[in-house]
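I have placed the structure first, in the form of structure tokens, so that the comments after it can refer back to it.
None of these values were measured; they are calculated from a predicted model.
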Amino acid sequence: MGPRFRLDRPTQRARELRNDPTAAEELLWSKLRNSQLGGLKFSRQMPIAGHFADFACRKAKLVVELDGSQHAEMTAADAERTRRIEAEGYRVLRFWNNELTSNMEGVLQAILSAASPSVERGPTPQPPPASGRGSE
């Protein structure tokens, strides 16, 4: 049997979004790309929970969303989107585009602060088995 292709994979849509970023996304990406911010590796337009996260750091389980003026009327939809992404174990930070352009250093510091506790903790230790070797 030949290779199986999943038609529902969001790869193509993510690629389209990466190839057509907003000015604010381009600006923030210029500061996040190539692990420039605290050595954190971010991805753009990463599919999570049926949505495309503007920026995501898998290691820190952190999503950064940039919101333009259209989001002022989308508060319920944005809240649901945040809830679904958080259900996948990610923390979501939202910034307005004008916040980014007027206070880039503050935004970068907030991202770094949000990511640092997750990264410094390292992996969560596994609980000991309930029975068997190791439970004596």
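- Here the closest non-hydrogen pair linking Ala114 and Leu62 is CB-CD1, 4.1 Å.
- Among residues two or more places apart in sequence or in another chain, the side-chain contact (heavy atoms from CB on, under 4.5 Å) test is passed with Asn103 by none.
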Trace of the side chain to side chain contact (heavy atoms under 4.5 Å, CB included) decision for Arg58 with Ser43: CA-CA 8 Å; Arg58 288 181 184 101; Ser43 298; 3.6 Å; yes
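- The backbone N or O of Trp96 lies less than 3.5 Å from no partner atom in the side chain of Asp67, so there is not a single donor-acceptor pair.
- Applying the side-chain hydrogen bond (donor to acceptor under 3.5 Å, both in side chains) rule to pairs touching residues 80-89 yields Glu65-Arg81, Glu80-Arg83, Thr82-Arg94, sequence neighbours excluded.
- Scanning all heavy atoms of the two residues, the minimum distance from Leu100 to Ala24 falls at CD2-O, 3.3 Å.
- Annotation: side chain of Leu112 is in contact with side chain of Leu40 (closest heavy-atom distance under 4.5 Å).
- Taking both residues in full, the closest heavy atoms of Leu37 and Leu108 are given as CD2-O, 3.9 Å, listed atom of the first, atom of the second, then distance.
- In this structure the side chain of Ile111 never reaches within 4.5 angstrom of the side chain of Phe55, judged on heavy atoms.
- For the pair Tyr90 and Met46, the minimum side-chain heavy-atom distance is below 4.5 Å.
- Residues Ile48 and Ala56 come closest through the heavy atom pair CD1-CB, 4.1 Å.
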Trace of the side chain to side chain contact (heavy atoms under 4.5 Å, CB included) decision for Arg44 with Arg33: CA-CA 9 Å; Arg44 293 183 299 153; Arg33 71 183 326 145; 5.7 Å; no
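- Residues Lys31 and Met104 have side chains in contact (heavy-atom distance under 4.5 Å, counting atoms from C-beta outward).
- Partners of Thr101 under the side-chain contact (heavy atoms from CB on, under 4.5 Å) rule, at least two apart in sequence or in another chain, are Leu27, Asn98.
- Expressed to the nearest 0.5 Å, how far CZ of Arg91 lies from CD1 of Ile85 amounts to 14.0 Å.
- In this structure the side chain of Phe95 reaches within 4.5 angstrom of the side chain of Val107, judged on heavy atoms.
- Looking only at atom types and distance, the side chain of Ser113 has a donor-acceptor partner in the side chain of Gln109 under 3.5 Å away.
- Using a distance-only test at 3.5 Å, with no hydrogens or angles considered, no donor-acceptor pair links the side chain of Glu26 to the main chain of Ala23.
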